[in-house]
Every structure is written in C-alpha cells, then in structure tokens.
Amino acid sequence: MTHWTLADLPDQTGRRWLITGATNGLGEATARAAADAGATLVLPARRTDRAEELNREWGGRHEVVHVDFSSLASVRKAAAAISGDIDVMINNAGVVTRRREETEDGFEKALGVNFLGPFALTNLLLPQVRDRIVIVGSDAHQGAHMNLSDPHLRGRWSIFASYGQSKLADMLWGLGLSKRLAGTGVGVQLVHPGWVLSNLQSAVGNKTIESILATVSRPVAQSAEKSALCNLFAATADLPECSYVGPDGFKGLRGWPSLIGRSAEASDPRQAKKVWDLGVRETGTDAVEFNA
C-alpha cells in the first residue's frame with residue numbers, strides 16, 4: 001500500500017502560506033515542511049520572538065505578525081497588518097485549559113482561542129485567500145456536543161467538554177465555510193492530526209498525572225513531523241471538498257494521512273448554520289454567503 005509522505009509534497013515555490021500556531025509542535029513542523037518546499041510563510045504568533053527565530057532559521061524571507069487569539073482586538077490588528085494574497089491558510093493554533101478561563105472578550109477560553117479567534121481572522125482575510133483553507137479539528141469532537149444554550153460553559157465546565165466542544169465547533173465552522181465558498185475556487189479541508197505526545201496531557205496541571213499520561217501515551221503517540229503530514233496532505237492534495245483527513249492507524253491516533261469519518265453532529269448542516277451564527281454574533285465578522 002502506498003502512503004502519502006513528505007516526498008509527495010509539491011513544490012511550493014511562489015506560493016504563500018499563512019500558518020497559525022507555528023512556533024512549536026505540530027504548527028512548527030508544518031511550517032518547516034512548507035518552507036523547505038519553497039513556500040513563503042506568514043506567521044501570526046503570540047510569541048513573536050520565537051517566530052522571528054524560526055524565520056531566521058528558515059531563510060529570513062517570511063513575515064511575522066503578532067496575534068493573540070484570546071483577544072478580538074489583537075485578531076483585527078493582525079488581519080489589518082497582513083497584506084497580499086494567501087494561497088494556503090492553515091488554522092492550526094489551539095489551546096487546552098486545565099480550568100475554566102475567559103478571554104478578554106468574555107469567551108470561554110478554549111472556544112475563544114480554538115474557534116472564535118480563528119473564525120474572525122479567516123473571515124477578515126478571506127478576500128486575500130486564493131486556494132485553500134485548512135482547519136485543524138480533532139477526533140475529540142466525536143464525543144462532544146455543542147451546548148448552544150450555554151456555549152461558554154458558565155453553568156458546567158470540564159476540560160473534556162471544553163476542548164471537545166471547541167473542536168466540534170471547528171468541524172462545523174469548516175462545514176459552513178465550505179458551503180459559503182462553493183463556486184469561488186477556494187476550498188476547505190478539515191484535519192485530525194492524531195495524538196501528538198504532550199499536547200493534551202501537559203495541560204492537566206498535575207506533574208504526576210502528566211508523567212503517567214505521557215508514559216501511557218508514548219506507544220500510541222507520534223511525532224509532530226508525522227502528524228504534520230495530515231496538515232500538508234489537506235493543504236495540497238487533490239481531495240473532495242470539505243474532506244476530513246486523519247491518520248489511518250488504530251483509532252486515528254497515529255498513521256499516514258487518509259480520509260476518515262466524522263460524527264453525525266459534525267456533519268449536520270443545521271448545526272453548522274447555528275455555529276456559524278454563533279461565530280458571527282460573538283466576533284462581528286462574516287463571510288460572503290455565495291451559496292448559503
């Protein structure tokens with residue numbers, strides 16, 4: 001069986017990629033591969049010092065812009081600072097919180113950083129996007145439900161409800177965005193990168209539990225470089241519109257990029273419309289509805 005590998009990544013010379021969350025882990029591995037393939041990068045980052053360090057390492061031809069997805073004001077400022085066409089936009093940045101927190105706009109933090117901030121940035125930059133938008137979701141959405149009566153989980157919060165709902169929101173956002181962009185030449189793809197060691201377990205806040213989780217996870221987790229193949233595949237391969245890409249191994253924890261299944265709720269256009277409306281209401285941004 002033939003697998004999609006880094007050798008299958010097409011030459012990206014002359015193309016411009018915007019990748020959020022590129023200062024570490026999965027995002028850094030994705031950005032490094034794109035840069036090595038010739039792409040010029042736009043790196044919106046909270047840690048601009050780290051982004052500038054990577055820019056120098058990758059040839060100094062890339063653009064670093066400060067953004068903090070927990071602040072809509074920061075998102076708007078970043079969008080205003082980014083000019084020129086964007087061929088590929090990868091919404092990769094994300095967060096897991098160990099307790100309930102709020103952004104400066106009063107959003108539950110995981111929902112704000114993982115969905116509402118990227119939703120706003122994408123809508124604001126949409127006129128500049130020429131080819132493809134990739135949204136990094138997660139199979140954590142599989143056991144989650146949208147609490148649309150209390151999306152910020154003020155009544156009842158848990159780390160799993162918080163993260164799962166934020167990733168389900170990403171899945172539904174992608175579905176809604178894909179519908180709106182039908183016929184424009186800009187495609188949308190969704191990604192589950194698999195289990196990247198230390199992403200979730202490092203947010204627990206208890207060193208003993210984190211150590212146990214890391215030990216248990218190590219046999220099934222995979223490197224950021226291997227997980228980044230799913231992002232790169234979704235960004236460049238010839239795929240059906242709004243596919244869901246993830247590892248082909250056991251329970252999607254690791255493996256090579258492939259098309260995988262999503263939950264019934266993540267496939268529901270009615271839920272997608274409700275999540276889109278939530279995004280518009282909370283961020284004050286929208287996309288042109290070509291085919292809504």
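The nearest pair of heavy atoms linking Gly112 to Phe107 is CA-CB, 4.1 Å. The minimum heavy-atom distance linking Ser162 with Trp157 is given by the pair CB-NE1, 3.3 Å. In terms of heavy-atom proximity, Arg262 sits nearest to Ser267 at CG-OG, 3.1 Å. Pro240 approaches Leu259 most closely through the heavy-atom pair CD-CD1, 4.2 Å. Asn55 and His62 make their closest contact through OD1-N, 3.0 Å (heavy atoms, listed as atom of the first residue, atom of the second, distance). Here the closest non-hydrogen pair linking Arg98 and Ile159 is CA-CD1, 4.4 Å.
In this structure Glu225 satisfies the side chain to side chain donor-acceptor pair (under 3.5 Å) test with no other residue, sequence neighbours excluded. Not counting sequence neighbours, the partners of Gln271 by the side chain to side chain donor-acceptor pair (under 3.5 Å) test are Glu265.
To the nearest 0.5 Å, atom CG of residue Leu232 and atom CD of residue Gln12 are 9.0 Å apart. For the atom pair Leu121 CG and Asn91 CG, the distance stands at 7.0 Å (nearest 0.5 Å). One distance of note links CG of Leu54 with CG of Asp49; it measures 10.0 Å at 0.5 Å rounding. Summarising the geometry, atom CG belonging to Asn231 is positioned 8.0 Å from atom CD1 belonging to Ile19; distances are rounded to the nearest 0.5 Å. Separating the CD1 atom in Ile86 from the CG atom in Leu41 is a distance of 11.5 Å, to the nearest 0.5 Å. In this structure, the separation between OG on Ser166 and CG on Leu116 is 10.0 Å, given to the nearest 0.5 Å.
A side-chain donor from one of Ser71 and Glu104 sits under 3.5 Å from a side-chain acceptor of the other. Between Thr30 and Asn92, the side chains place no donor N or O within less than 3.5 Å of an acceptor N or O (distance only, hydrogens not considered). A donor-acceptor contact closer than 3.5 angstrom is absent between the side chains of Ser74 and Asp68.
No donor-acceptor pair under 3.5 Å is formed between the side chain of Thr122 and the backbone N or O of Phe119. Panel note: side chain Arg16, backbone Asp85; a donor-acceptor pair is recorded below 3.5 Å. Put simply, the side chain of Gln165 gets close to the backbone of Pro151: a donor and an acceptor are under 3.5 Å apart. Remark: side-chain polar atoms of Asn123 are not paired, donor with acceptor, to backbone N or O of Ala120 under 3.5 angstrom. Formation of a donor-acceptor pair under 3.5 Å by the His152 side chain with backbone atoms of Glu108 is found in this model. A donor-acceptor distance shorter than 3.5 angstrom exists from the side chain of Arg132 to the backbone of Ala234, with no hydrogens or angles considered. Within the 3.5 Å criterion, the main-chain N or O of Gly194 finds no donor-acceptor partner in the side chain of Gln222. For Ser178 (side chain) and Val188 (main-chain N/O), no donor-acceptor pair under 3.5 Å exists by modelled atom type. Checking side-chain atoms of Arg100 against main-chain N and O of Thr97 turns up no donor-acceptor pair under 3.5 Å. The closest donor-acceptor contact from the side chain of His192 to the backbone of Asp139 lies under 3.5 Å.
Ring planes of Trp4 and Phe233: perpendicular class, angle over 60° (limits at 30 and 60°).
Between Ile133 and Leu177, some side-chain heavy-atom pair lies under the 4.5 Å cut-off. A heavy-atom distance below 4.5 Å is not found between the side chains of Leu43 and Val65. Leu125 is not listed as a side-chain neighbour of Pro127, based on a closest heavy-atom distance of 4.5 Å or more. Under the 4.5 Å side-chain criterion, counting only non-hydrogen atoms from C-beta, Asp131 is in contact with Arg15. Looking only at side-chain heavy atoms (C-beta outward), Asp8 and Leu6 stay at 4.5 Å or farther from each other. Within the 4.5 Å cutoff, the side chain of Gln189 has heavy atoms near those of the Leu239 side chain. Using a 4.5 Å heavy-atom threshold, the side chains of Phe69 and Asn114 count as separate. Side chains of Cys230 and Pro247 form a contact here, defined as non-hydrogen atoms less than 4.5 Å apart.
Stacking of Arg180 on the aromatic ring of Trp276 is recorded, both the 6.0 Å distance cut-off and the 45° axial limit being met. For Lys251 and Trp195, the positive end is not near the middle of the six-membered ring at less than 6.0 Å and at most 45° from its axis.
Using a 4.0 Å cut-off between a side-chain N of Lys or Arg and a carboxylate O of Asp or Glu, Asp248 and Arg254 do not qualify as a salt bridge. A salt bridge links Glu28 and Arg50; the closest N-O separation between the charged side-chain nitrogens and carboxylate oxygens is under 4.0 Å. Salt-bridge check for Asp277 with Arg281: failed, with every basic side-chain N at 4.0 Å or more from each acidic carboxylate O. Between Glu102 and Arg154, at least one side-chain nitrogen of the basic residue sits less than 4.0 Å from a carboxylate oxygen of the acidic one, meeting the salt-bridge criterion.
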Any chance you could lay out the side-chain contact (heavy atoms from CB on, under 4.5 Å) test for Arg46 and Val67, step after step, and finish with the verdict?
CA-CA 5 Å; Arg46 186 171 56 86; Val67 69; 6.0 Å; no
Could you walk me through whether Leu9 and Thr236 satisfy the side-chain contact (heavy atoms from CB on, under 4.5 Å) test, starting with their C-alpha distance in whole Å, then the side-chain angles of each, then the deciding distance to 0.1 Å, before giving a yes or no?
CA-CA 7 Å; Leu9 179 63; Thr236 62; 3.7 Å; yes
For the pair Leu229 and Trp256, evaluate side-chain contact (heavy atoms from CB on, under 4.5 Å) and give the outcome as yes or no after the intermediate values.
CA-CA 7 Å; Leu229 292 177; Trp256 301 99; 3.7 Å; yes
I'd like to know whether Ile90 forms a side-chain contact (heavy atoms from CB on, under 4.5 Å) with Val88, so could you lay out the CA-CA distance, the side-chain angles of the two residues, the decisive distance to 0.1 Å, and finally the verdict.
CA-CA 6 Å; Ile90 301 183; Val88 175; 3.8 Å; yes
In a table with atom names and distances, give each donor-acceptor pair under 3.5 Å that connects a side chain of residues 167-176 to protein atoms at least two apart or in another chain.
from: Lys167; atom 1: NZ; to: Val136; atom 2: O; distance (Å): 2.9

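The environment of CZ in Arg270 is sparse: at most 12 heavy-atom neighbours from other residues, nucleotides or ligands sit within 6.0 Å. More than 12 heavy atoms of other shown residues, nucleotides or ligands fall within 6.0 angstrom of atom NE2 in His66.
Taking the centre of each ring, Tyr244 and His141 come in below the 6.0 Å mark.
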